[in-house]
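One structure is given below, encoded as structure tokens.
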Amino acid sequence: KAVVFNAEWVYKGQNADNCLNSVAALARSMYNRLFMWLVDLCNRTLIDPTMKKVNFIGVLDIAGFEIFEFNTFEQICINFCNEKLQQFFNHHMFVLEQEIYVREGIEWEMVDFGMDLEATIQLMEKPMGLMAILEEETLFPKSSDKSFDDKLKENLLGKSPVFLKKQPGSKDKTAHFAIAHYAGIVNYNLTDWLTKNKDSMNDTVVDQMKKADNALVVYLFRDHPGQPEEEVKKADKGKKGKDAATKTFKTVSSAFRAQLEALLTTLNSTDPHFIRCIVPNNVKTPGLLDSALVMHQLTCNGVLEGIRICRRGFPNRCVYADFKHRFVIIKPKEVHALEPDLKAGTKVILESIREVDDRWRLGHTMVFFRAGTIGLVEEVREQCIKAILNYIQGLCRGYLGRMQYKKEIYKRT
């Protein structure tokens, strides 16, 4: 490895671990740059440059929450990202939900459900939070895993409700701490976090990549300074504004946080739709459902969290015309007497069912139900249908009985 010391090039030897870390860092950087190039190529191919409107469709494919037997730096980054995205999901979905309540005239106290995850996010983001301490220790020359562990516990243990000691029952006996995420408590092992967070590429190797014969490789590393000559460095110092070099980050965590904030800025300026994918089993067999695996995924991808919050509002709703068409059989005379007032007819039907008292609200165009209420209404409807069928069956049996009676009388005479 070549470094500049007192305006002179000094060549420094690397041991096996240094070389392994440099190769891994180069591979990660190459993958990231190639992926971004592919995305940019697709955009340039698909987007019509003559369009004046800023329209685009983006697909965000993210791994769900991760709880492994051994959880380390990669897991805490993924889980932190999932916490932020779940907060966005809660806020977005239930802000829209509550806007419907307001528009329909339903009495409802506005609640920001996105704040449910705030404690864990603050633990990660605050000035002396986990990420800040990680970056500080990464840049400190004499830091170690032990000093990092001590500083985390000194600043966070007992001061944050979600930063916990290692939980019993963990298969990782060397775990250092635990965090209470929305999907569950996760034990983390901070071994080699400082090394991973540096992710420093060997500038000498990068310089060779920039001089490669392959034009694509040269293009991918165009924004990396490599090992430029002193004159080039001085020239770059004079550049300002748009001419300045692309902002670089000293640590992986700082780059990760910047990318995450950019992602959330984009998401907040768009109209997102959410798709949750569930793997039914690990053996790729049709018709086989592993209930434990499915429940774990529902927990980790935020579905259960969404259901929990959804049940606090009015998750089921139906327009008056559809409700009357299906449930008029409960109070047919009263509803027909109130036509064409569908709202009044709906109210008569629901007020006749004691089991659903205070579990429904009437809006301007639709009726809203709390979780499980519509099932109770369906049971009453089935009882009404059963009573009608029993009545018709009684008429039929009575008619057949009388006919049989007349036949018997006729035979005797």
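Everything numeric in this text was worked out from a predicted model, so none of it was measured.
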Which atom names give the shortest non-hydrogen contact between [X] and [Y], and what distance separates them?
| X | Y | result |
| --- | --- | --- |
| N71 | N187 | ND2-O, 3.1 Å |
| E83 | I121 | O-CD1, 3.9 Å |
| V218 | M209 | CG2-O, 4.0 Å |
| D192 | D145 | N-OD2, 3.2 Å |

Note, [X] side chain near [Y] side chain (heavy atom, < 4.5 Å):
| X | Y | result |
| --- | --- | --- |
| T174 | T191 | no |
| L85 | L263 | yes |
| L152 | L134 | no |

*Measure from NZ or CZ of R361 to the centre of the six-membered ring of F368 and say whether it is under 6.0 Å with the direction within 45° of the ring axis.*
no
*Just checking, R222 and Y219: is the charged tip under 6.0 Å from the six-membered ring centre and within 45° of the axis?*
yes
*Determine, stepwise, if the pair L389 / I385 fulfils side-chain contact (heavy atoms from CB on, under 4.5 Å).*
CA-CA 6 Å; L389 292 175; I385 293 174; 3.9 Å; yes
Any Lys/Arg nitrogen of [X] or [Y] sitting under 4.0 Å from an Asp/Glu carboxylate oxygen of the other?
| X | Y | value |
| --- | --- | --- |
| K331 | E351 | no |
| D322 | R326 | no |
| E137 | K151 | yes |
| K196 | E74 | yes |
| K84 | E261 | yes |

Quick one: does [X]'s side chain have a donor or acceptor within less than 3.5 Å of a partner on [Y]'s backbone?
| X | Y | result |
| --- | --- | --- |
| N390 | K386 | yes |
| E104 | T365 | yes |
| Y320 | A344 | no |
| E66 | Q75 | no |
| H176 | N189 | no |
| D172 | F70 | no |
| T285 | L288 | no |
| D40 | M36 | no |
| T195 | W193 | no |
| S147 | S143 | no |

*Check the angle between the aromatic planes of Y31 and F35 and answer parallel, tilted or perpendicular using the 30° and 60° thresholds.*
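Parallel, since the angle between the ring planes stays under 30°.
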*asked:* Using 30° and 60° as the class boundaries, would you call the ring planes of F163 and F177 parallel, tilted or perpendicular?
replied: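 The arrangement is parallel - the two ring planes meet at less than 30°.
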*Quick one: do the Q404 and E408 side chains pair a donor with an acceptor below 3.5 Å?*
yes
*Determine whether more than 12 heavy atoms belonging to other residues, nucleotides or ligands lie under 6.0 Å from atom NE2 of H325.*
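No, the 6.0 Å shell around NE2 holds no more than 12 heavy atoms from other groups.
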*Worked verdict on S253 versus R257 for side-chain hydrogen bond (donor to acceptor under 3.5 Å, both in side chains)*: CA-CA 6 Å; S253 57; R257 290 178 63 185; over 6 Å; no
*With ring centroids as reference points, do F314 and F369 lie under 6.0 angstrom apart?*
no
Rounded distance [0.5 Å steps], [atom1] in [X] versus [atom2] in [Y]:
| X | Y | atom1 | atom2 | result |
| --- | --- | --- | --- | --- |
| Q167 | I179 | CD | CD1 | 11.5 Å |
| T251 | N197 | OG1 | CG | 4.5 Å |
| S160 | K126 | OG | NZ | 5.5 Å |

_Intermediate values then yes/no, side-chain contact (heavy atoms from CB on, under 4.5 Å), E339 and K324_ = CA-CA 10 Å; E339 285 185 342; K324 179 230 172 184; 2.6 Å; yes
